[in-house]
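Shown next, in structure tokens, is the structure this report addresses.
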Amino acid sequence: MPNLIQPVRGTQDYYPEEMAVRTWLYAKMREVSEAFGYEEYDGPFLERFELYAAKSGAELVEKQSYVFEDRGGEKVALRPELTPTLARMVAARQRQLSYPLRWWSFGPFWRYERPQKGRSREFFQWNIDLIGEDSPEADAELAAVAAGFLRSVGLRPNEAQVLVNNRQLMQTELEALGIPAARHKDVFGLIDRKDKMAAAAWAEYGKELGLGGGELAGIEKLISDQDLWKKSPTLPRFFEAVAAHSASDYVSYGPHIIRGLDYYTGTVFEAWDTAGEFRAIFGGGRYNDLVNAVGGEPVPAVGFAVGNVVISLMLRALGRLPELQAGAPVYVTIFGEEQMTASLALAAELRAAGVQVASHLNADKLQKQFKQADRLGAQVVLVLGPEELAQKQVSLKDLRSGEQRSLPRAELLAELQRILAAA
RNA sequence: GUGGAUGUAGCUCAAUGGCAGAGCACCGCAUUGUGGAUGCGGUGGUUGCGGGUUCGACUCCCGUCAUCCACCCCA
């Protein structure tokens, strides 16, 4: 073992068991996206470095991106997020596209960070965006998609919540506290850290930013005001639309939600497990200046991104992952060398009829063959021995009930389909 | 990038300077036409890697790699 070449730090091997989870999540994302009329797209995994220099946060670009020169001397980056690619793609065909765009994507991303629980260097992300519409109803549609996703993976409203706030509301309120716009970015950073720091350290950080005691107290009061949304010109409409989507049980107001990224311009939201044991499940919001930033004309947009790592950890911890069966439900044994050909032909015949069948590859003891079938997760084992062949029958054992019987070859397919449909 | 903890059988973990072990898993037999249960037996280790101290190192020291945790940042 010590001589094994180790995988790259922060990457994950997807053995069939993990791959089944990833594929299942992908299917759920697709299901919810398509239910709302969103279309799948993708961009390159490699982008010019300048794309991110133009818009992503400084930390993300300078410290967390995989950046290198290709053989032609081009400075390229493995994509650390999808939104700049999306903005670039929209800008490139700005006049030919029909708005609003409803687009979604699922794929790999890379960030050079110190790996820990819920954070790896290579991860998968679902991105979903609504482009070309600037309204509370557009924001609410994304919140409804988010709620639909949480529901479809089996998380309940008391386990996961989408928390929503609005940056413009917060800016208005900060100005009312006498904090000028130039300092809002710093204050947003301060608010973003409220839950992550001890009270004293947080107050100290506020002082370093030049905030007086009164201002700090005002901010603290602001971000604990659960009714603050009522003062917003858009959030009441947002919540009304969310209610119309029957998504209210998953979506609530969070006055402390502000998001770390600079490019959000309006509504922002994050999903959290209510127990607070994990990192944020996903985050997103409205970004109206982004297409503009990559050289297009301004287009309003709202979207969010869900990583596969945290949600998988959470579903596993809650025991909410379904039993995923990757192997074939039917297993054909090889009774002996003499029956090899007939058995392989039986398997082929069933496959041609649309049944998923794995067959044993040699004439091992039947005990071993049954054991393998069981481990591979087969539901039904077929035996074609000398007696069955002589009588043109097949023995069929249902591994769940343990029942076994022989039946005429002509009746096999219908019986298999009946058993598999019941399972 | 900063600080801390941990690396022993496939997995979970014992052994604290003196013969490297247990449970589970795996393989075999009981069971030459049948999985899951039970009993009995068996395979499996350069103690992450490299160096040092010592008569002797899983144990102590240094380095390195990896994993985990907290920062940072964020999915």
Side-chain angles (χ1 to χ4, degrees), chain A residues 1-12 15 25 29 56-65 79-83 106-128 146 189 192-193 196-198 201 205 258-262 264 269-272 277-284 303-314 331-336 339 360 363-389 394-406:
Chain A
M1 287 324 237
N3 292 329
L4 274 183
I5 292 173
Q6 291 178 327
V8 173
R9 188 176 192 191
T11 60
Q12 190 194 346
Y15 287 84
L25 276 175
M29 291 160 180
S56 296
E59 174 91 10
L60 193 59
V61 179
E62 291 160 22
K63 295 186 176 173
Q64 299 181 354
S65 291
R79 61 182 189 184
E81 58 167 336
L82 189 61
T83 310
F106 179 78
F109 296 86
W110 295 265
R111 289 184 195 176
Y112 192 84
E113 295 183 282
R114 201 103 149 215
Q116 52 185 270
K117 192 197 288 187
R119 190 177 75 180
S120 52
R121 289 183 171 182
E122 179 179 70
F123 57 95
F124 286 75
Q125 212 179 56
W126 173 37
N127 281 262
I128 182 162
D192 194 43
R193 281 168 183 74
K196 301 166 187 168
M197 300 174 76
Y205 183 39
I258 204 76
R259 305 285 305 147
L261 291 175
D262 295 338
Y264 292 114
F269 46 87
E270 291 177 357
W272 287 88
E277 286 176 32
F278 300 90
R279 295 163 177 280
I281 303 168
F282 58 77
F304 65 87
V306 186
N308 67 327
V309 181
V310 174
I311 188 84
S312 299
L313 282 174
M314 190 176 164
Y331 198 84
V332 175
T333 56
I334 307 292
F335 187 89
Q339 292 78 25
H360 205 76
D364 278 331
K365 292 171 67 173
L366 277 187
Q367 178 177 262
K368 191 170 176 183
Q369 299 195 40
F370 269 81
K371 195 166 193 169
Q372 257 181 48
D374 187 42
R375 277 192 203 149
L376 290 169
Q379 294 166 46
V380 175
V381 176
L382 302 180
V383 180
L384 205 54
E387 290 174 27
E388 287 86 353
L389 279 169
V394 176
S395 284
L396 179 157
K397 182 165 185 176
D398 185 329
L399 288 189
R400 294 190 177 168
S401 65
E403 288 171 18
Q404 174 170 334
R405 62 207 175 84
S406 293

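In the text below, chain A, chain B and the rest are named by the order of the sequence lines, each starting its count at 1.
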Round to the nearest Å and state the distance from [X] atom [atom1] to [N] atom [atom2].
X: A/K368; N: B/rC27; atom1: NZ; atom2: C1'; result: 9 Å
X: A/Q12; N: B/rC68; atom1: CD; atom2: P; result: 10 Å
X: A/K371; N: B/rA25; atom1: NZ; atom2: C1'; result: 10 Å
X: A/R79; N: B/rC74; atom1: CZ; atom2: P; result: 19 Å
X: A/R111; N: B/rC72; atom1: CZ; atom2: C1'; result: 14 Å
X: A/R9; N: B/rG7; atom1: CZ; atom2: P; result: 18 Å
X: A/Y264; N: B/rA75; atom1: OH; atom2: C1'; result: 10 Å
X: A/D364; N: B/rC27; atom1: CG; atom2: C1'; result: 13 Å

Without hydrogens or angle criteria, can the side chains of A/Q125 and A/N127 be said to hold a donor-acceptor pair below 3.5 Å?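 A pair is found: one side chain offers a donor N or O, the other an acceptor, under 3.5 Å apart.
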Donor + acceptor pair across side chains of A/E122, A/T11 (<3.5 Å):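 A/E122 vs A/T11: no donor-acceptor pair found between side chains.
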Pairwise P distance, B/rU59 and B/rU53 [rounded to whole Å]: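 Looking at atom P only, B/rU53 and B/rU59 are 15 Å apart.
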Partner lookup for [N], please. Criteria are Watson-Crick or G-U wobble with both distances under 3.5 angstrom; report none if nothing qualifies.
N: B/rC58; value: none
N: B/rG21; value: B/rC13
N: B/rU2; value: B/rA70
N: B/rG42; value: B/rC26
N: B/rU53; value: none
N: B/rG7; value: B/rC65

Derivation of the side-chain contact (heavy atoms from CB on, under 4.5 Å) call for A/I311 and A/L25: CA-CA 9 Å; A/I311 188 84; A/L25 276 175; 3.7 Å; yes
Is there a donor on the side chain of A/Q339 or the base of B/rG33 sitting less than 3.5 Å from an acceptor on the other?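 Answer is no: no donor-acceptor pair is held.
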Any donor-acceptor pair under 3.5 Å between the side chain of A/E113 and the base of B/rA75? yes
Are A/F124 and A/F106 an aromatic pair by the rule of ring centers under 6.0 Å? yes
Can we call the ring centroids of A/W126 and A/F304 under 6.0 Å apart?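 Yes: the rings meet the under 6.0 Å criterion.
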If you draw the axis of the six-membered ring of A/Y112, does the NZ or CZ of A/R121 fall within 45° of it and under 6.0 Å from the ring centre? yes
Using the closest heavy atom to pick a nucleotide of RNA chain B for each, name whichever of A/V306 or A/P115 lands nearer the 5' end. A/P115
5′-ward residue of the pair A/V310/A/V8 relative to RNA chain B: A/V8
Just compare [options] and give me whichever is closest to any side-chain atom of [X].
X: A/Q125; options: B/rG33, B/rA75, B/rG4; answer: B/rA75
X: A/Q116; options: B/rG33, B/rC72, B/rA75; answer: B/rC72
X: A/R114; options: B/rA75, B/rG4, B/rG35; answer: B/rG4
X: A/L366; options: B/rG33, B/rG35, B/rG3; answer: B/rG33

Can you check whether [X] has a side-chain N or O nearer than 4.0 Å to OP1 or OP2 of [N]?
X: A/R375; N: B/rG35; answer: no
X: A/Q64; N: B/rC74; answer: no
X: A/R119; N: B/rC71; answer: no
X: A/K365; N: B/rC29; answer: yes
X: A/Q367; N: B/rG35; answer: yes

Identify whether the distance between the nearest side-chain nitrogen and carboxylate oxygen of A/E270 and A/R259 falls below 4.0 Å. yes
Verify stack between A/F282 ring and B/rA75 base, 5.5 Å, 30 degrees: no
